[in-house]
Every structure is written in C-alpha cells, then in structure tokens.
Amino acid sequence: MEITREALFGFMAGNGTVGTTAAPLTQQSFQIWKHVVIRASASNTGVIIVGDGAARAAAGFILAKGEQTPPIYVDDTSKVWLVGGAAGQAYNWIAT
C-alpha cells in the first residue's frame, strides 16, 4: 500500500499567555489552510479553556498543563478564543 502525503503551502506557529479574560488566539487574524493545534505549557498553574468566541470560551475544551487540543479545523485564527483558569497561563500553537 502506498500512502501519499499532502503537501501544504506552509505553516505558522506562535505562543502567548492568557489570563482570566477571554482573548483571541492571536492579536492579528491569520488565514489557516487546514487546522490549528494548541498546547498548554507544562509549567502552567491553571487550565486553559479553548472556545469559539469570547462569550463561550469559558465553556470550551479544557487543557491541563502539558495537554493539547485535537486539530481544530478553522480558516482563521480569529475564530479561536482562549481563557485561563488563572493569570499568565502560557500556550504554544501551530497552524497549517
């Protein structure tokens, strides 16, 4: 069996911190071709919650320290919002 890999145009990656007020994944909107994955820093003291908007971020997908999301299929980073369980929760992200 031969498996062909999909060639992507490129990827983007970044990091940031979030506190107890919901914030977008990135301050600037970036177009995504396929998906984004977010990983909570292993040194965090609280959780990071991932949602699809400021109003619903606190009811989203919970990441404990060191955990990551499954691929989130969106076309723009502005559609992904985060909120921390405490101030200064760090994260990294990669988008293709």
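Because the structure is a prediction, the values reported are computed rather than measured.
The minimum heavy-atom distance linking Ile48 with Ala40 is given by the pair CD1-CB, 4.2 Å. Between Ala22 and Ala54, the shortest heavy-atom contact is CB-O, 3.7 Å. Pairing each heavy atom of Val36 with each of Thr69, the nearest pair is O-OG1, 4.3 Å. Annotation for Asp76 and Ile32: closest pair C-CD1, 4.0 Å, computed over non-hydrogen atoms. The shortest non-hydrogen separation linking Met12 to Trp33 is CE-CZ3, 4.3 Å.
Of the options Thr96, Ile72, Val74, a side chain to side chain contact (heavy atoms under 4.5 Å, CB included) to His35 is made by Thr96 and by none of the others. For the side chain to side chain contact (heavy atoms under 4.5 Å, CB included) with Val50, the lone residue among Leu25, Val18, Val80 that qualifies is Val80.
The side chain to side chain donor-acceptor pair (under 3.5 Å) pairs that include a residue from residues 43-61 are Ser41-Ser43, Thr45-Gln89, Asp52-Arg56, where partners are two or more places apart or lie in different chains.
Side chains of Thr26 and Trp93 form a contact here, defined as non-hydrogen atoms less than 4.5 Å apart.
For the side-chain hydrogen bond (donor to acceptor under 3.5 Å, both in side chains) test, no residue two or more places apart in sequence or in another chain qualifies with Thr21.
Atom CG of Leu82 and atom CD1 of Ile38 lie 5.0 Å apart (nearest 0.5 Å).
Between the side chain of Thr77 and the backbone N or O of Phe30 there is at least one donor-acceptor pair closer than 3.5 Å.
Ile49 belongs to a hydrophobic cluster whose other members, connected by ILVMFWY side-chain contacts under 4.5 Å either directly or through intermediates, are Val47, Ile62, Val83.
Note on Trp81 and Tyr91: separate hydrophobic clusters, where clusters join Ile, Leu, Val, Met, Phe, Trp and Tyr whose side-chain heavy atoms are under 4.5 Å apart, directly or indirectly.
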